[in-house]
Number of protein chains: 2
Amino acid sequence: MNLADQNLSRIAREPLWDRAHSQLREALLAGRFEPGSALVLRQLAETFGTSITPVRDAVSRLVAQGVLDQGPRNSALVPDLKSSALTDLMVVRTELEGRATREAAMKACAADVDALEVLLADMRRMIEKRRLDTYLDIHRRFHFGIYALAGIPILLEMIENLWLRCGPILSFVVPQYVVSLKGTDHHQAALDAIRLRDGTRAEAEIVADIEEAGAYLLGLADGTGRIRRPHEAPAGAR
Amino acid sequence: MNLADQNLSRIAREPLWDRAHSQLREALLAGRFEPGSALVLRQLAETFGTSITPVRDAVSRLVAQGVLDQGPRNSALVPDLKSSALTDLMVVRTELEGRATREAAMKACAADVDALEVLLADMRRMIEKRRLDTYLDIHRRFHFGIYALAGIPILLEMIENLWLRCGPILSFVVPQYVVSLKGTDHHQAALDAIRLRDGTRAEAEIVADIEEAGAYLLGLADGTGRIRRPHEAPAGAR
DNA sequence: TTGTGTTATTTGTTATAACAAACGACAAGT
DNA sequence: ACTTGTCGTTTGTTATAACAAATAACACAA
């Protein structure tokens, strides 16, 4: 008998620490962890229903990636971004995401741009429905959709790392802000520029997008430089 | 009795996995691991005289940082850089190290530049003595000395990560090449530009330095794109 | 000789227990 | 009231053993 055409899919091997890592990543990116709070191994292990070994592995990786801070006694803390750290992150983000956008503009074909245009339409729909969480998710896919077009895996990886670092405060951008931004839609402008193969212009738009969001977040800082969640948006924190 | 002025230094807490991590980092950066070879946990554990738990931790972190590749069965492999991966790395390096240099030029004071000038002199001495390993070490300190002046910790951290990724093939730059490069000393030129607060010029010089080294390494690629160690330089590999 | 199933070995994964450092509560002394 | 020492609890670290998946070696059959 012939084994082909059986529609059997490859069985993926995914260790426990890998799944724990993914879940923590996701939660961080969605802002479901309170900045400054500590991640306790035994506590997480109980939540996941595993021993501490795999969670220790996952947390350890996050710390190694700079996504989590290490507090006293090598405990893992959800980063509580200060203004200066945020400013620094923005510098690196504009540099890397700008470059990725420029490369993307040179390599993108019409179909690529069309696919992104769909995401853009979805984003507008989500804003109108005030669905902040799904908006943020599509927003992320839009950005990374552009960066993926650059075709430079390492660059993509590092940008992902930067977003993870911003994760805990990423959800602080409230719907009001997103809506008010509609006047100057850098996303649309960047996409238009990519379609026209204008790398410089596309880069400038993405950089402007990043810097506007950064400026907004910087405006949330209190006296000590801590970026604080705006009170009008609980955002399902935990 | 007064506790001050007892000349007691702070007792550093350094877990086993941390020391293992440091040692592996160092070895990678010095090119003491053969590209493509596998790091075996129990083997390393025996070398370090510990159980596999701390080495697993250390290796796991290195993989999370992208410094080690993960092969089949989640084993850790010393990356065997292909031409394309090297090209990509160079893109990110020029972007990040270029920006860091520009920032450094704006913030450096005379004393900072003088300190770097000393390292530059040391480098020349090491070239003449054909002490490749110490040359590479000082060379690294010179570069990071510049980048540290930018005063952006996150940027520094990411650049360090990029160097770690290049680590295994970094020692492939043979003395002959380094010497032949003396005609166009980008290091000196960059430092001069920094002293003159010419950020644009300094950035260009550092970028040129990176790209020249990159082009040299790219020239070592064989038919499959693998970067191979030049036969005339065993470089104490193991 | 070639292909195939079996077995032994290697090697990463996970759970568990013992351990040690840090932290907090609390009581005693000043 | 404030400090200080002690004890119990919390929590990360390490070693160890059992486990499971992959690989290699090998024997047997076509």
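Naming convention: chains lettered A, B, ... in sequence-line order (proteins, then strands); numbering from 1 in each chain.
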Considering only side-chain heavy atoms of A/W17, which listed nucleotide, D/dA15, C/dT14, D/dA22, is closest? C/dT14
Counting the atoms with a prime plus P, OP1 and OP2 as sugar-phosphate, which does A/L39 contact under 4.0 Å by heavy atoms, base, sugar-phosphate, or nothing? sugar-phosphate
Counting only heavy atoms not in A/E46 (residues, nucleotides, ligands), do more than 12 fall under 6.0 Å from its CD? no
With a 4.5 Å cut-off on side-chain heavy atoms, are B/L68 and B/V59 touching? yes
Quick check on side chain to side chain contact (heavy atoms under 4.5 Å, CB included): which of A/D69, A/L81, A/D80 does A/P35 satisfy it with? A/D80
Could you tell me how far apart B/R73 (CZ) and C/dT9 (P) are, to the nearest whole angstrom? 17 Å
Could you work out which one of C/dA15, D/dA15, C/dT13 sits closest to the side chain of B/T50? D/dA15
Tell me: CD of B/Q70 to P of C/dT11, nearest whole Å? 18 Å
Tell me: CD1 of A/I52 to C1' of D/dT14, nearest whole Å? 10 Å
How are the rings of A/H139 and A/W163 set to each other: parallel, tilted or perpendicular (split at 30° and 60°)? tilted
What is the distance, to the nearest angstrom, from the CD atom on B/E46 to the C1' atom on C/dT10? 14 Å
Expressed in angstrom and rounded to an integer, what is the separation of B/L16 atom CG from C/dA20 atom P? 13 Å
May I ask you to decide whether B/R25 forms a salt bridge with B/E160, counting only side-chain N to carboxylate O separations under 4.0 Å? yes
With respect to the side chain of A/P72, which nucleotide from D/dT13, C/dC23, D/dA18 is positioned closest? C/dC23
Among D/dA20, D/dT14, C/dT13, the nucleotide that comes nearest once only the side chain of B/P15 is considered: D/dT14
Which whole-number value in Å describes the distance from A/F48 CZ to C/dT13 C1'? 17 Å
Report the nucleotide, chosen from C/dG12, D/dT16, D/dT14, that has the shortest atom-to-atom distance to any side-chain atom of B/L41. C/dG12
Tell me: CG of A/N74 to C1' of C/dA21, nearest whole Å? 11 Å
5'-most by nearest nucleotide on DNA chain C - B/V40 or A/T53: B/V40
The side chain of B/S51 is closest to which nucleotide in this list: D/dT11, D/dT14, D/dA20? D/dT14
To the nearest Å, how far apart are B/Q43 CD and C/dG12 C1'? 14 Å
From C/dT13, D/dT14, D/dG12, nucleotide with atom closest to A/S75 side chain: D/dG12
Could you tell me whether the phosphate oxygens of D/dT10, OP1 or OP2, come under 4.0 Å of any side-chain nitrogen or oxygen in A/R42? no
